[in-house]
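None of these values were measured; they are calculated from a predicted model. What's counted below: heavy atoms across the whole structure, side chains too, no hydrogens, waters or symmetry copies. This chain uses plain numbering: 1 for the first residue, then up along the sequence.
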Amino acid sequence: MRISVIIPTFNERGTIKELVRRIFALNIAGLELIIVDDSSEDGTLEVVRGLKKRYPITLVLRPKKLGLGSALRDGLALARSRGATVALTMDADLSHDPARIPEMITLLSPPSGGVPPHGGETDLVIGSRRIEGGKIVGWGPVRKFMSASAMTLARWAL
């Protein structure tokens, strides 16, 4: 199984090294990391280039800040072109816990007997802070308020 983890970055120098370390500490066979950098200005690129010497990382450099959506699209397209059977996306700021990756992969992968988990074929797994069992760690009241407000606005608009 080929597993690609796509991480868009913009000025994530303070967290990217720890995130990469945690992901590769999971020892997941067939895992590659695709980091899509939106022209970071804080030294993120230098940190990632150093990490590339130790870990299987593909670095996609973008000429200017083009945004999260297109960074994810670019990373997913690259993963698909390389034959990824599983593609995951994560934020670079450690707001997504990499320790959940194996669980998500298990939900997507039938056991060796060929019977998919949960009685059906699973094509998509979504991890969310906003569902039962989800949690928000390390956010202050302002960030929680802003997130809840953005979600309410998006629901209203959609």
If a pair satisfies ring-ring contact (aromatic ring centres under 6.0 Å, His included) and one of its residues is in residues 63-108, list it, with sequence neighbours excluded.
none

For T58, check side-chain hydrogen bond (donor to acceptor under 3.5 Å, both in side chains) against everything at least two apart and list the hits.
R82

Give a yes or no on whether L51 and F10 share a hydrophobic cluster (residues Ile, Leu, Val, Met, Phe, Trp, Tyr; joining criterion: side-chain heavy atoms under 4.5 Å apart).
no

When rounded to the nearest 0.5 Å, the distance separating CG of L94 from CE of M90 is 8.0 Å

Just wondering, do V20 and I35 contact through their side chains at under 4.5 Å, heavy atoms?
yes

The criterion is side-chain hydrogen bond (donor to acceptor under 3.5 Å, both in side chains); which residues satisfy it with T89, sequence neighbours excluded?
none

Value for CD1 (I101) from CD1 (I3), rounded to nearest 0.5 Å, stands at 9.0 Å

List for me each residue that meets side-chain hydrogen bond (donor to acceptor under 3.5 Å, both in side chains) alongside D42, sequence neighbours excluded, and say none if there are none.
T44

Quick check for you: to the nearest 0.5 Å, what is the distance between R49 atom CZ and E46 atom CD?
6.5 Å

Residues 43-73 vs ring-ring contact (aromatic ring centres under 6.0 Å, His included), sequence neighbours excluded, gives F24-Y55

What residues, two or more places apart in sequence or in another chain, satisfy salt bridge (charged side-chain N to carboxylate O under 4.0 Å, His left out) together with R100?
E103

Residues two or more places apart in sequence or in another chain: which of them pass side-chain contact (heavy atoms from CB on, under 4.5 Å) with L68?
P8, L72

Is I34 linked to V48 within one hydrophobic cluster, defined over Ile, Leu, Val, Met, Phe, Trp and Tyr using a side-chain heavy-atom separation of less than 4.5 Å?
no

Is any side-chain heavy atom of P102 closer than 4.5 Å to one of I28?
yes

Which distance, rounded to the nearest 0.5 Å, do you find between the CD1 of I57 and the CG of L33?
5.0 Å

All salt bridge (charged side-chain N to carboxylate O under 4.0 Å, His left out) counterparts of R62, not counting sequence neighbours
D38, D74

Are V36 and V86 grouped together when hydrophobic residues (ILVMFWY) are joined by side-chain heavy atoms under 4.5 angstrom apart?
no

Before giving the answer on side chain to side chain contact (heavy atoms under 4.5 Å, CB included), spell out for S70 and R73 the whole-Å C-alpha distance, their side-chain angles and the decisive distance to 0.1 Å.
CA-CA 5 Å; S70 64; R73 227 178 12 254; 3.2 Å; yes

Can you give the donor-acceptor pairs under 3.5 Å from side chains of residues 148-158 to other protein atoms, not counting sequence neighbours?
residue : atom : partner : partner atom : Å
S149    : OG   : F145    : O            : 2.8
T152    : OG1  : A148    : O            : 2.9

Please check this pair: side chain of T15 against backbone of A92, looking for a donor-acceptor N/O pair closer than 3.5 Å.
yes

To the closest 0.5 Å, what do you measure between OG (S39) and CG (L66)?
7.5 Å

Tell me whether I16 shares a hydrophobic cluster with L59, the cluster being built from Ile, Leu, Val, Met, Phe, Trp, Tyr side chains joined at under 4.5 Å.
yes

Hey, what do you get for CG (D93) to CG (N11), rounding to the nearest 0.5 Å?
12.5 Å

Could you give all pairs that pass the salt bridge (charged side-chain N to carboxylate O under 4.0 Å, His left out) test and reach residues 2-17, with sequence neighbours left out?
R2-E32

Going through the distances and angles, do I23 and I7 end up as a side chain to side chain contact (heavy atoms under 4.5 Å, CB included)?
CA-CA 11 Å; I23 290 171; I7 302 175; 3.8 Å; yes

Side-chain heavy atoms nearer than 4.5 Å, only ILVMFWY residues, links allowed to pass through others: does that put L88 and L19 together?
yes

Looking just at side-chain N and O atoms, do D37 and T9 make a donor-acceptor pair shorter than 3.5 Å?
yes

Please identify each residue that fulfils side-chain hydrogen bond (donor to acceptor under 3.5 Å, both in side chains) with R80, with sequence neighbours left out.
none

Nearest non-hydrogen partners of L76 and A87, listed with the distance
CD2-CB, 3.7 Å

Hits for salt bridge (charged side-chain N to carboxylate O under 4.0 Å, His left out) against R21, two or more places apart or cross-chain, chain-then-number order -> E18

